[in-house]
Amino acid sequence: MNKNIIFKIILTILISSIFVLLLIEGFYSLYKKSEDHISITYKIYSNIRDNDSNLESNFRHKDVVYDQVELENLINDVKSLDGFMGNTPFSDTFEQTLNSNESGCYRHKKNIDMKAYFIRTNLYNAFDPVTIWIDNRKLIPSDLMYFLDSKSNGYSHFTTNDRGLRSTNFNIDHSKNLNIFAGGGAALSSMISDIYTIPYLMQEYDKDSQYINASVSSSNFSDVLCNLNQELNFYKDFKFGNLILLISDLDLSKLENSDIVDYLEEINDIKSKYGIEEVIIIYFPYLYTVSPEITVDRKTNSPGVYFKDAIKKKDFLISNISKYEFYSIDGLSVFLNEIQKERSLLDVFDYYLHHGHPSYKSNALLVDLIIKLVKK
């Protein structure tokens with residue numbers, strides 16, 4: 001017999017045998033449904049099966065928004081309820097439902113009663129998720145209600161009083177010391193309910209004093225001081241105890257070092273003018289400053305540093321605070337210390353509702369530190 005023919009026969013038998021063995025191994029592997037498949041056949045099958053579109057559909061959840069159209073379809077309903085949608089490309093199409101300049105300062109409208117929903121979505125910035133605000137006094141259409149119930153993590157309750165201040169629900173009493181809490185968006189903590197804000201928690205602890213929340217949703221420190229001065233002037237006949245001021249990375253990012261010095265000087269003048277006994281300034285870091293290793297930019301593989309000069313500005317702020325004999329709380333040190341206690345990098349998420357707003361746990365932790373400093 002020709003050697004070439006013999007070789008071809010042997011080769012054919014060998015290939016057929018390998019194919020049969022691989023086929024049997026592959027079907028066995030599929031049958032076992034093991035998490036640790038080593039089958040060559042199964043790997044080939046997996047590569048064919050798990051293309052990008054299939055992988056995406058395999059990990060899609062019914063309660064997560066993956067398509068912007070789902071949000072766009074809600075615009076008219078949300079507008080009809082005097083609401084708005086935050087952190088979306090079309091946020092600017094909504095009328096301003098929370099803030100106004102009516103009082104002479106950029107501040108909240110009077111007698112607001114809103115629900116704020118965090119929407120679960122993979123769109124836009126994962127650390128700054130989409131929000132939908134709805135007037136709590138209006139009837140929500142069933143379709144929109146179903147969307148909010150199924151696509152959000154519930155809601156927070158946001159109210160203001162007849163002066164446009166976030167409610168603490170306490171009557172102001174001339175016989176008690178009056179403490180003022182002020183700051184920008186992080187101080188306002190708009191994505192947690194009124195009862196979890198710092199001044200509300202302070203009031204719960206310190207029944208013999210009273211607290212006003214003069215914070216405002218603005219990253220412009222001039223707006224913060226405008227509202228602070230307005231409230232101090234309105235309550236000028238009261239005895240003031242403590243001014244508690246929270247300053248975040250976003251607030252500092254808008255300021256040069258010279259601006260920080262000027263504002264601290266202005267706060268010192270306010271302290272003297274209104275006879276405030278103590279000033280307590282809290283530095284509140286954004287998530288990126290606390291945990292750059294978690295918020296890394298996967299496209300460039302660089303640390304997720306949102307405010308590149310955050311730590312330098314924080315150090316400058318705190319060093320200058322001490323010159324005026326104000327008290328200071330370094331939120332970066334506080335949160336890093338707590339994370340190290342837990343020995344888990346993911347523990348940082350317990351302290352944030354999104355990249356720049358504190359959670360209830362965060363506010364409760366800060367209140368424990370403030371309590372030790374307040375003058376009673």
Side-chain angles (χ1 to χ4, degrees), residues 59 64 86-89 91 118-131 153 183-192 198 215 217-221 224 245-257 259-260 281-322 328-370:
F59 288 93
V64 175
N87 304 329
T88 68
S91 296
F118 262 147
I119 304 304
R120 294 192 65 197
T121 178
N122 72 336
L123 301 171
Y124 322 125
N125 183 350
F127 300 112
D128 189 18
V130 172
T131 59
N153 287 339
L188 183 67
S189 302
S190 61
M191 290 311 300
I192 55 178
I198 286 176
S215 55
S217 181
S218 174
S219 59
N220 187 331
F221 210 70
V224 172
L245 182 64
L246 188 146
I247 302 177
S248 74
D249 278 336
L250 181 59
D251 302 323
L252 289 175
S253 71
K254 310 285 184 175
L255 306 177
E256 300 296 332
N257 285 349
D259 298 322
I260 294 173
I281 299 180
I282 307 161
Y283 162 70
F284 184 84
Y286 266 52
L287 174 66
Y288 313 98
T289 306
V290 181
S291 296
E293 72 283 2
I294 290 177
T295 56
V296 63
D297 185 337
R298 299 299 176 189
K299 293 181 180 178
T300 61
N301 201 32
S302 59
V305 179
Y306 203 76
F307 303 104
K308 63 179 182 178
D309 296 324
I311 295 177
K312 288 182 180 179
K313 287 198 170 183
K314 180 266 295 185
D315 289 341
F316 183 84
L317 170 70
I318 291 179
S319 65
N320 279 273
I321 286 172
S322 63
S328 66
I329 296 174
D330 182 348
L332 178 59
S333 296
V334 171
F335 296 147
L336 286 176
N337 183 57
E338 291 301 312
I339 294 167
Q340 288 168 356
K341 286 180 185 177
E342 297 292 335
R343 297 186 179 182
S344 169
L345 295 175
L346 297 181
D347 188 57
V348 68
F349 291 111
D350 286 346
Y351 299 97
Y352 290 87
L353 283 181
H354 73 46
H355 63 176
H357 279 206
S359 66
Y360 162 71
K361 183 174 181 179
S362 177
N363 279 349
L365 179 63
L366 292 173
V367 165
D368 285 342
L369 299 173
I370 298 169

At what distance, to the nearest 0.5 angstrom, does [atom1] of [X] lie from [atom2] of [Y]?
| X | Y | atom1 | atom2 | answer |
| --- | --- | --- | --- | --- |
| Ser217 | Leu188 | OG | CG | 6.0 Å |
| Thr289 | Phe307 | OG1 | CZ | 7.0 Å |
| Asn363 | Ile192 | CG | CD1 | 4.5 Å |
| Phe349 | Phe127 | CZ | CZ | 5.0 Å |
| Lys314 | Ser319 | NZ | OG | 10.0 Å |
| Ser322 | Ile281 | OG | CD1 | 10.5 Å |

Judged by atom type as modelled, is there a donor-acceptor pair below 3.5 Å linking the side chain of [X] to the main-chain atoms of [Y]?
| X | Y | value |
| --- | --- | --- |
| Lys361 | Asp350 | no |
| Ser189 | Ala186 | yes |
| Lys313 | Leu255 | yes |
| Asp128 | His355 | no |
| Asn337 | Val334 | no |

Closest heavy-atom contact between [X] and [Y]?
| X | Y | answer |
| --- | --- | --- |
| Asp249 | Ala310 | OD1-CB, 3.6 Å |
| Tyr286 | Ser248 | CE1-OG, 3.9 Å |
| Val130 | Asn87 | CG2-O, 3.7 Å |
| Val348 | Val290 | CG2-CG1, 3.7 Å |
| Ile119 | Pro129 | O-CB, 4.0 Å |
| Met191 | His357 | N-ND1, 4.1 Å |

Report task. Quick one: list whatever passes side-chain hydrogen bond (donor to acceptor under 3.5 Å, both in side chains) with Ser362, sequence neighbours left out. Result -> none
**Report entry** Results of side-chain hydrogen bond (donor to acceptor under 3.5 Å, both in side chains) for Ser333 - residues two or more places apart only
**Finding:** Asp330
With a 4.5 Å cut-off on side-chain heavy atoms, are [Y] and [X] touching?
| X | Y | result |
| --- | --- | --- |
| Tyr351 | Leu287 | no |
| Ile339 | Ser291 | yes |
| Arg120 | Asn153 | yes |

**Report entry** Test log, rule side chain to side chain contact (heavy atoms under 4.5 Å, CB included), inputs Phe316 and Asp309
**Finding:** CA-CA 11 Å; Phe316 183 84; Asp309 296 324; over 6 Å; no
Report task. Count the heavy atoms of every other residue, nucleotide or ligand shown that sit under 6.0 Å from OH of Tyr360, and state whether that count exceeds 12. Result ->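 Atom OH in Tyr360 is not packed in, count stays at 12 or less.
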Query - From CA spacing to verdict: side chain to side chain contact (heavy atoms under 4.5 Å, CB included), Tyr283, Ile321 - result: CA-CA 11 Å; Tyr283 162 70; Ile321 286 172; over 6 Å; no
Query - side chain to side chain contact (heavy atoms under 4.5 Å, CB included), paired with Leu252, selected from Ile260, Asn257, Asp259 - result: Ile260
**Report entry** Parallel, tilted or perpendicular, as decided by the 30° and 60° cut-offs, for the rings of Phe335 and Phe284
**Finding:** perpendicular
